[in-house]
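Written below as structure tokens is the structure these notes are about.
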Amino acid sequence: MSETNAARTKWLRIGALIALTVTLIAIGHATGVTEHLTRERIQATMLELGALGFFAYLAMFAVGELVHVPGMVFVAAAILAYGPVTGFAAGMVGALVSLTVSFYVVRMVGGQPLGDVERPLLKRMLAHLDARPVITIAVLRLLVQMLPALNYALAMSKVRFRDYLAGSMLGLVPVIAIAALAFDWLFAQ
């Protein structure tokens with residue numbers, strides 16, 4: 001493939017990713033999905049469905065991530081539905097499933113355009129990700145948790161999925177553990 005065709009393909013994929021993101025957010029708002037994915041409704045659904053509630057939770061979390069519902073809404077719902085210990089485990093599994101879905105959707109549509117950037121500033125920023133992907137991702141997760149923009153940027157980089165998942169897990173364990181303790185304490189009052 002010539003350089004011109006490669007550049008054209010890269011920009012077409014980025015355009016398709018932007019269009020998909022805008023479409024998903026618009027559909028989420030137009031259908032009321034984003035308004036219905038509240039902590040209370042997620043928690044109620046989990047409890048009403050019994051054992052199947054966990055699988056519904058995973059699906060809602062994955063969809064919620066794609067339509068940009070904050071991940072902590074789902075973590076809080078799991079903690080309040082199942083208690084701090086089981087809720088922590090459910091929140092971790094749900095977060096990792098939703099981040100995995102987001103990673104694969106973004107990578108499938110948008111490709112890896114950040115993998116071959118030539119701009120010096122971007123190259124320096126991505127050098128940390130290339131040199132120490134797991135630690136870099138863990139620190140980023142500590143700072144911004146499940147922010148969709150971070151998911152998109154990481155999926156469009158050269159980072160391997162296993163590093164993405166390991167770094168995400170390491171960074172989210174303390175965040176979700178603190179949430180489990182805090183939400184249990186706050187809502188028990």
Side-chain angles (χ1 to χ4, degrees), residues 1-31 33-34 37 55 57-75 91-176:
M1 184 183 293
S2 73
E3 249 182 75
T4 307
N5 285 340
R8 184 178 305 131
T9 300
K10 178 171 100 172
W11 285 109
L12 283 172
R13 291 184 81 174
I14 290 171
L17 181 60
I18 292 168
L20 176 66
T21 302
V22 169
T23 301
L24 287 173
I25 292 170
I27 289 171
H29 285 290
T31 61
V33 168
T34 54
L37 288 176
F55 297 104
Y57 168 74
L58 294 178
M60 289 184 290
F61 205 153
V63 169
E65 185 70 32
L66 292 173
V67 297
H68 295 225
V69 174
M72 275 301 163
V73 169
F74 295 93
V75 171
M92 276 302 301
V93 171
L96 294 175
V97 166
S98 79
L99 294 176
T100 296
V101 169
S102 176
F103 181 90
Y104 278 112
V105 167
V106 170
R107 184 155 286 179
M108 185 177 65
V109 175
Q112 297 173 303
L114 297 179
D116 58 356
V117 295
E118 295 300 323
R119 302 228 187 283
L121 177 62
L122 283 175
K123 242 182 166 162
R124 277 196 312 271
M125 289 170 53
L126 291 170
H128 295 288
L129 186 59
D130 292 338
R132 293 180 186 85
V134 174
I135 297 300
T136 302
I137 293 168
V139 169
L140 290 169
R141 289 289 179 211
L142 278 169
L143 297 173
V144 296
Q145 293 91 38
M146 296 164 269
L147 183 70
L150 176 60
N151 303 338
Y152 281 46
L154 292 171
M156 292 189 299
S157 73
K158 283 198 266 185
V159 72
R160 293 180 301 194
F161 174 72
R162 71 177 188 202
D163 294 334
Y164 172 82
L165 190 62
S168 293
M169 186 170 63
L170 284 173
L172 288 176
V173 164
V175 170
I176 294 176

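What you see is a predicted model, and the numbers here were worked out from it, not measured in a lab. For the numbers below, each heavy atom of this structure counts, side chains included, while hydrogens, waters and symmetry mates do not.
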In this structure, are over 12 heavy atoms from other groups packed under 6.0 Å from Ile135 atom CD1? no
Using a 4.5 Å cut-off on heavy atoms from C-beta on, say whether the side chain of Val33 contacts that of Val69. no
If you round to the nearest 0.5 Å, how far is OG of Ser168 from CG of Asp163? 10.5 Å
Residues Phe61 and Met146: closest non-hydrogen pair is CZ-SD, 3.7 Å
Specify the closest pair of heavy atoms between Gly91 and Ile176, including all atoms of both residues, with the distance to one decimal. O-CD1, 3.9 Å
So CG of Leu96 and CG of Leu165: to nearest 0.5 Å the spacing works out to 5.5 Å
Check the side chains of Thr21 and Tyr152 for a donor-acceptor pair under 3.5 angstrom, ignoring hydrogens and angles. yes
Output the distance between atom CG (Leu140) and atom CG (Leu143), rounded to the nearest 0.5 Å. 6.5 Å
Does any part of the side chain of Tyr164, heavy atoms only, come nearer than 4.5 Å to the side chain of Val134, both counted from C-beta? no
Work out which heavy atom in Pro133 is nearest to a heavy atom in Val159; give both atom names and the distance. CB-CG2, 4.0 Å
Keeping Arg13 on the side-chain end and Met108 on the backbone end, is there a donor-acceptor pair under 3.5 Å? yes
Which heavy atom of Gly167 sits nearest to which heavy atom of Ile137, and what is that distance? C-CG2, 3.6 Å
Would you mind reporting whether Val93 and Leu58 have side-chain heavy atoms less than 4.5 Å apart? yes
Yes or no on side chain to side chain contact (heavy atoms under 4.5 Å, CB included) for Ile27 and Val67, after CA distance, side-chain angles and deciding distance? CA-CA 8 Å; Ile27 289 171; Val67 297; over 6 Å; no
Is any side-chain heavy atom of Leu129 less than 4.5 Å from a side-chain heavy atom of Leu154? yes
Rounding to 0.5 Å, atoms CG (Asn5) and NZ (Lys10) come to a distance of 14.0 Å
Does Phe161 CZ have over 12 foreign heavy atoms under 6.0 Å away? yes
Shortest non-hydrogen separation from Gly94 to Tyr57 and the atoms involved: CA-CE2, 4.0 Å
Closest non-hydrogen atom pair, Leu142 against Gly171: CD2-O, 3.5 Å
I'd like to know if the side chain of Arg141 reaches the main chain of Leu172, judged simply by a donor and an acceptor atom lying under 3.5 Å from each other, with no hydrogens or angles considered. no
Taking the side chain from Arg107 and the backbone from Ser102, do they hold a donor-acceptor pair closer than 3.5 Å? no
Do any N or O atoms from the side chain of Gln112 and from the backbone of Met156 form a donor-acceptor pair under 3.5 angstrom? no
